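Reviewing the structure listed below.
Chain letters run A, B, ... following the sequence lines, proteins first, then strands; residues in each count from 1. Quick caveat, the model's predicted, so the values are computed rather than measured. Note that these values count all heavy atoms, side chains included, but never hydrogens, waters or copies made by symmetry.
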Amino acid sequence: MGQDDFRNRILHHLPSLHRFAFALLRDRHDAEELVQETILRAIEGAHTWQQERDLRRWLFAIMHNVFVSNMRKHTVRSRFAAEEASMENHSVAPPQIPEVELAQTMRALYELPEEQREALLLVSVEGLSYREAAGILDIPIGTLMSRLARGRGALRNAISRPEEHRLRVVK
Amino acid sequence: MHRKISEADLQAFVDGELDADRVAEIEQYLAAHPQLAERVSDYIEQSRAIRDAVTRDAWTPTVLTMMLVERLARRLRWLRLRSYLGGGALAAAAVAVGWFGHSMAINPGGELAPSHPAFVEEAAEAHATVEALALALNEATDLTASQAADILHSIAGEQVSLDAIADQWPITGALVVPWDDGTAVELIHITPQGEVVSLFVAVPDHPGDVRPTSTRMDTVNMAYWQSNRIAFALSGDLPERELLEIAHRLSSSRL
């Protein structure tokens with residue numbers, strides 16, 4: 001294992017951590033701060049990490065704990081408008097999903113309870129297995145699945161979709 | 001004949017948590033139940049939309065984040081080394097190089113000689129972190145001297161009157177910084193010329209007494225001292241002599 005191995009491994013997971021933080025906090029500056037606080041806690045608690053343990057899961061679990069413990073301290077601000085504006089101004093659109101639908105999805109995601117949002121982000125965005133995600137959130141797999149189901153159901157209800165798209169999906 | 005298809009099965013189907021046989025069963029079931037198929041299709045589309053929305057913007061970590069990454073990597077490397085060596089070998093190594101072993105220098109005779117205590121390197125890094133905060137300094141240094149002293153006390157069990165320091169050396173604030181032996185605090189002083197001078201205060205594992213000494217780490221001038229259980233290091237863009245004078249003054253104050 002080379003000198004830079006740990007550095008490279010952490011750097012590899014950094015974008016995922018920031019993505020998770022951003023999706024939780026809806027603000028780039030706050031997300032960066034959450035990433036920094038996560039790393040600080042990791043430095044302080046490095047002795048608790050076992051070499052055979054997955055580094056990504058460990059860092060995500062720290063971030064989850066920091067987020068949960070900071071939740072009360074965070075001022076809940078309505079950032080939907082800013083978020084929407086930033087999406088509208090973005091020049092590179094993903095190839096298939098229209099901008100308006102992305103904004104709608106994100107708005108609906110942010111309206112979900114934190115616990116459902118976390119479950120969806122870890123599984124749907126980060127591609128973690130149920131076992132990994134449940135481990136990070138420190139909940140049973142059944143609870144995770146129930147949060148996913150409730151979150152997806154609420155998202156589906158919240159997002160109004162164009163009729164033609166709905167018909168196309170049914171085919 | 002299908003086994004009963006539950007909501008949990010549908011979620012697991014969407015998330016790729018099922019084995020091939022069960023996937024085939026569910027696909028067959030969905031083909032016969034278009035309403036359910038529509039729901040599953042929506043879930044899959046939803047996941048894709050969320051993924052696209054949150055991964056669309058590239059992110060570049062700030063300098064401070066990168067510095068923290070370096071520190072974490074170094075900490076993990078050190079812990080791995082310690083676990084490889086084991087307690088006994090590590091103790092022997094510690095005796096061989098002494099408390100000063102973290103930073104050996106080559107003297108003119110070509111022999112290894114101790115240069116400065118381990119905490120000095122940590123202090124230099126912490127100072128670089130503070131400098132990297134630059135414009136965000138006011139936001140970052142949100143602790144008072146007495147709050148920082150309380151933190152040190154709660155972490156290391158040592159009472160240090162940082163207020164006494166702040167009385168003779170006005171600070172703009174303090175912040176908590178990590179280091180390899182736990183947590184330290186950093187008091188920030190801004191000179192009339194606008195230079196940032198930081199005072200790193202930590203509780204090392206080994207007590208000792210080190211008289212104020214000046215040194216230079218990379219491009220930063222420093223002055224450090226240790227008084228029994230408390231280690232101090234001043235860093236900043238001031239002449240070494242000036243830092244040393246401040247160090248003498250602060251070290252003689254009653255803490």
Side-chain angles (χ1 to χ4, degrees), chain A residues 1 3-11 14-15 18-20 22-23 28 31-32 35-36 39-40 42-44 46-47 49 51 55 86-87 90 92-94 96-97 101-106 109 120-121 123-125 127 129-130 142 145-146 148-149 152-153 155-156 159 161 165-166 169-170, chain B residues 6-12 14-17 34-35 37-62 64-80 82-84 136 139-140 155 176-180 182-183:
Chain A
M1 209 180 273
Q3 278 285 305
D4 287 337
D5 187 64
F6 279 122
R7 180 179 181 277
N8 292 340
R9 283 166 67 190
I10 299 165
L11 286 178
L14 214 52
H18 183 265
R19 203 159 51 225
F20 186 54
F22 176 61
R28 296 203 168 275
E32 178 105 28
V35 170
Q36 290 169 357
I39 302 173
L40 272 172
I43 294 169
E44 289 169 4
H47 58 281
W49 183 65
Q51 300 285 331
L55 189 64
S86 105
M87 285 184 159
H90 202 271
V92 185
Q96 289 155 343
I97 300 180
E101 195 173 330
L102 279 183
Q104 211 172 28
T105 303
M106 289 309 284
L109 180 72
L120 271 172
L121 290 168
V123 174
S124 295
V125 178
S129 69
Y130 285 178
M145 292 176 76
S146 148
L148 285 170
R152 283 181 170 137
L155 271 185
R156 188 166 183 260
I159 300 170
R161 306 176 59 142
H165 183 63
R166 189 174 288 276
V169 171
V170 172
Chain B
S6 66
E7 179 62 33
D9 285 320
L10 296 181
Q11 297 297 326
V14 169
D15 295 320
E17 289 274 333
Q35 276 195 322
E38 182 191 348
R39 179 140 62 95
V40 168
S41 173
D42 281 356
Y43 288 162
I44 292 170
E45 191 75 4
Q46 229 176 55
S47 291
R48 194 161 65 95
I50 296 171
R51 221 170 15 247
D52 284 351
V54 300
T55 57
R56 67 214 305 276
D57 290 327
W59 167 66
T60 307
T62 62
L64 177 61
T65 302
M66 289 305 294
M67 292 176 78
L68 290 171
V69 166
E70 298 293 346
R71 291 178 73 94
L72 176 58
R74 202 183 57 175
R75 180 85 177 124
L76 294 176
R77 277 198 296 273
W78 159 246
L79 288 169
R80 185 183 58 198
R82 195 167 71 172
S83 74
Y84 285 167
E139 212 175 296
I155 293 164
V176 175
V177 291
W179 77 306
D180 284 357
T183 300

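Proximity to chain B involves both the backbone and the side chain of L148(A), based on heavy atoms less than 4.5 angstrom apart. Interface remark: E17(B) contributes side-chain atoms only to the contact with chain A (heavy atom separation under 4.5 Å).
Annotation: maximal heavy-atom pairing with chain A below 4.5 Å, among D15(B), V69(B), T62(B), occurs at D15(B). Across E7(B), M66(B), R39(B), the residue that shares the most heavy-atom pairs under 4.5 angstrom with chain A is R39(B). With chain B as partner, the option from G142(A), G153(A), A23(A), S124(A) having the largest number of non-hydrogen pairs under 4.5 angstrom is S124(A). Top candidate by heavy-atom pairs under 4.5 Å with chain B, chosen from R19(A), R28(A), E32(A), R152(A), is R152(A).
For S146(A), the side-chain contact (heavy atoms from CB on, under 4.5 Å) partners two or more places apart in sequence, or in a different chain, are R150(A). Residues that satisfy the ring pair (Phe, Tyr, Trp, His ring centres under 6.0 Å) test with W49(A), not counting sequence neighbours, are F6(A), W58(A).
Here the closest heavy-atom approach between residue L68(B) and residue I43(A) is recorded as O-CD1, 3.8 Å. The shortest non-hydrogen separation linking W59(B) to L14(A) is CZ3-O, 3.6 Å.
Although no hydrogens or angles enter the test, the distance criterion places no donor-acceptor pair under 3.5 Å between the side chain of D52(B) and the main chain of A49(B).
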